[in-house]
Amino acid sequence: MHDFAFHRPSSLSDAVAAMQAAGEGKFMAGGQSLLPVMKLDLAQPTDVISLAGLGELRGIRVEDGAVVVGAATTHAEVADSDVVRGSIPALADLAGQIGDPQVRNRGTLGGSVAHADPAADYPAALLALGATVVTDRREIPADDFFQGMFATALAEDEIVTAVRFPIPDGAAYAKFPNPASKYAIVGVMVARTGSGVRVGVTGASPTPHRASRFEAALAADFSPSAIAGITIDPSGLASDPDASAAYRAHLVGVMAKRAVEACG
Amino acid sequence: MIRPSRSDHRVIGHPQRKIEGLAKSTGRAVYTDDITLPGMLHGKILRSPHPHAEIVSIDTTAAAALEGVHAVITGRDMPVQYGIIPWTPDEYPLCVNRVRYIGDGVAAVAALDEDTANRALGLIDVEYRELPAYLTPQEAAAATTDFIHEPKKPGHNGNVTKRVRLEFGDVDDGLDESELVVEGDYFFEGTTHTPIEPHCAIGLFEGDGKLTVWSATQVPHYLHRELARVLDLEGAKVRVVQPLVGGAFGGKSEPFDLEFCVAKLSMMTGRPVKILYTREEVFYAHRGRHPFHMRYRTGVDGEGKLKAVDAEILLDGGAYASFGLVTTYYAGQLLCAPYALPAYRFDSTRVYTNKPACGPKRGHGSVQPRFAFEVQMDKLAERVGMDPIEFRRLNFIGEDTRTINELRITSNGFLECLEAVERASDWKARFRQLPFGQGLGIAGSTYISGTNYPIYPNDMPQSGVQIQIDRSGRVAVFSGGSEIGQGCDSVVAYIAAEELGVPISHVRVLRGDTDFTPVDLGAYSSRVTFMLGNACIQAARELRAKVQSAVGEAWECPPDRVDLLGGLAVDTADPARSLPIAEAFNLAEARFGTLGATGSYNTPKDVHGEYRGGTIGASPAYSFTAHVAEVRVDVETGIVEVEKIWIAHDCGKALNPVLVEGQMEGSAYMGYAEALMEEQIFKDADHGRAGLHNAPSLLDYRIPTSLDTPAMESFIVESNDPEGPYGAKEAGEGPLHPSIPAIANAIYDAIGVRLDRLPFSPPNVWRRIREAEAGGGLTKPGAPSREVGVAP
């Protein structure tokens, strides 16, 4: 690991200022993605700006039919939150499946969303629940947020402050995990709301996406059999020694079916 | 037959702690990397980025000039070839003019710290001329030019390292006369050892010309010899110290580049030098399980008795010979029990490829063919309509017999192993009768308890122990054994305590230092307990006889009336009469002088066939194992869950049943890992840099955690081997073999799909399920249709 300057700003504006002044700056929330790549010298920031001290990024509350989760909330806090479990149990369930206890106790919602690892779990929830990403300067709908592998709509110096998840009628998450890291080889969240069905898919492709053919079929008939005959085109899906694109395409169908079953 | 076991042992056969267990579990045990010497430098090795290239030039000027760098060496500083097998030396400590895999060492640096050494590596300028790389054994075998090593004879393919063709009985006739012949192609993927402790070595060259190397090695004796030869030092001035080793499994059983480099760098700088491999380098060092491409034809008569077996095997050897000569033989030689084969032929070819060298991993050379063979057995049993356990019983070879390739079998508890797992798994009520998706599978195996021949030809003992007794009652065992976690320090302590009547805590085991311990050849081939144990018994009994004699004289009774036990010398005819054991030792020292004795063991040499290679696979005794595995298969995802493995193992006699069970479970765990997860694989040109290790990290290279490991139940079978120490045979490697075919056979029982290629990872299983669905659907196989020996 290379040397770097470590900043602990006490306000959002100080954090943004620190980033603007930095040569090659990186915001750090829980550090669960940034520190491993820094140890391998894959990231060599000159400045690491910690967001850990920012009280305005904390807290979970229900507001206007949505659960608003502060960006610095850890995965463990989401998993254990009575508010989340009471209103969107699928979101708590998803958070409880991330990584391992160490990762869940340090890693945060905002960090995961801003990092946009293509195999992270949260993107499936953001897409399926039609969430909104709240930053220090604007609000971004989930459908516009994820733009590619580790790429988002965020500006360099922009900070995620919260994510607003509308409360669905029902939702469930089904994941085929990497057995070591627990990252999603394929993860699918299905959510049913008054306005229709949304299906968010993570892990399968470089950019998390919605499965529109599943959504249409499920809108007409919300049952596992409604999507049983729909095959997913493997072109464009990720292919690696863990899973070929064809296998991932198959797993998207299996996980979607299981999520629908779990919705009850 | 199970021979009766002596029941009057006080130490042997009872559960005991490992003598170094407390130090290990409290973090106080000293491993090589825990050692820091005054003035010590840290070394790093520059590794090849190319799978196959000529080294045109190396410029180390800038690296040597970097502040904090004390020495830089290249292959030209140690241009002597070595290899663990004396007939196939093909490695240099650092490559001289050719690199043969991504990760091959080309230069090394000693510096004040690791960061400086790493920076210096970046300043070394190597010019390469790339050569065509052979990444598959098929490509390598078909090569006509740019061979990985020069051919030994002109006109030969230099990529072929060894070919063995042996035939016993008439296989073609046997197959012709068979009622049924099953033919199958199998593939065993390469796997590596993943010891928790990375390789580490420290070199110290002192002013008087004496070299000491501390190393995490399984073979201090061979390392001692090779250091002296390669560095051109007198053997008597080289000392190898083996601290505690944090796991090895065959991956530390030959000399490695770092051991030569720390020695040479210390010789150049006059300071101690340490090199600790990164985890990535452990994957490059490898010497793990060879990928095997195998074809078997197995024939049976109308009653289900084996008639003939024909095998063709292609071994993917990687860049160097390592133990490959032996692997090529073991691939065929170790298959001739526990079933009687009237005719057997194998044609086994090992080829070089531009990947890290393969070598011995737990169950060296025989785990792969055992997988194929036991799946063949399952297919045959089904085709002849027999229960696969009955089919194995019918073909049992027996005890006190010879295999078709003339290996001498003494004790053999295989039938008891089969019975134990059959009963415990409730086999008869559940095989072929569980719901679709759930299944049971059986497999059996045998393994050597050491090899009769040392790696370099000599008539000296294979194992030695020296025992010395102090007037306080303390017993010191100077053991040549290599403690790699398997418990060989504890075994000699138990034996000394048993024979000399002292508590285990009064025994000191001094081990792993060529300056003061006798030679033992190393921790490989499951030889240690058998050979070291016998050597220790010999030394201890010589001293026991002296103590009995001296006490008998004092008590005016025959020596054999004096027993030594529980810290006392006791008169067996008059239990009221006893002496503290220290006083008994003092009587003996007064009578005979300073108390010391040596013991040694050498194997019988008349127990193999008189044919070329007939000695390879010959062992003083063989262990036997049977497993039943229970699985649950998710046919939608291809996920196989192993719910339980029942393990029965004939270890002859369990000197400490706790350690034996640990070895059985550890073996089954490792087999389970290879069955379901492990893949030492490399990228091809379509998926990155050709020849680059796919993922040299413990995140991406899959091994099970305790959460993934199935439930296990162990059954120790004691056949009391006539030549083993107290009847003991090996337990460290044999119990791995059946895990893999038992799981394959259980998957078949669950869903009717054969898995002939490893690993049974979800994508591979899913692919096979898809093929089966396309070919007519998935169904549970039918129950066996006939009893033993009844024609259909």
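Here the structure is a predicted model, which means the values were calculated and not measured. Throughout, protein chains are lettered first and strands after them, A, B, ... in sequence-line order, and every chain is numbered starting at 1.
- Applying the side chain to side chain donor-acceptor pair (under 3.5 Å) rule to T116(B) yields the partners D113(B); only residues at least two apart in sequence or on another chain are considered.
- Using a 4.5 Å heavy-atom cut-off against chain B, the contacting residues of residues 241-255 of chain A are P241(A), D242(A), A246(A), Y247(A), H250(A), L251(A), V254(A), M255(A).
- When heavy atoms are compared at a cutoff of 4.5 Å, D634(B) approaches chain A solely by way of its side chain, counted from C-beta outward.
- In this structure, F187(B) and H293(B) have tilted ring planes: the angle between them lies in the 30° to 60° band.
- For the pair R192(A) and F222(A), the cation sits on the ring face: its NZ or CZ lies under 6.0 Å from the ring centre, inside 45° of the axis.
- The closest side-chain donor-acceptor pair between Q97(A) and D93(A) falls under 3.5 angstrom.
- Taking both residues in full, the closest heavy atoms of V113(A) and F146(A) are given as O-CE2, 4.0 Å, listed atom of the first, atom of the second, then distance.
- There is no contact between P704(B) and chain A, counting heavy-atom distances below 4.5 Å.
- Under 3.5 Å, the side chains of E665(B) and Y669(B) contain no donor-acceptor pair of N or O atoms.
- Between D221(A) and A226(A), the shortest heavy-atom distance links the atoms O-CB, 3.0 Å.
- For L707(B), no part sits under 4.5 Å from any heavy atom of chain A, backbone or side chain.
- When every heavy atom of D316(B) is checked against every heavy atom of P137(B), the shortest pair comes out as OD2-CD, 3.5 Å.
- The part of I681(B) that comes within reach of chain A is its side chain, from C-beta onward, which places non-hydrogen atoms under 4.5 angstrom from that chain.
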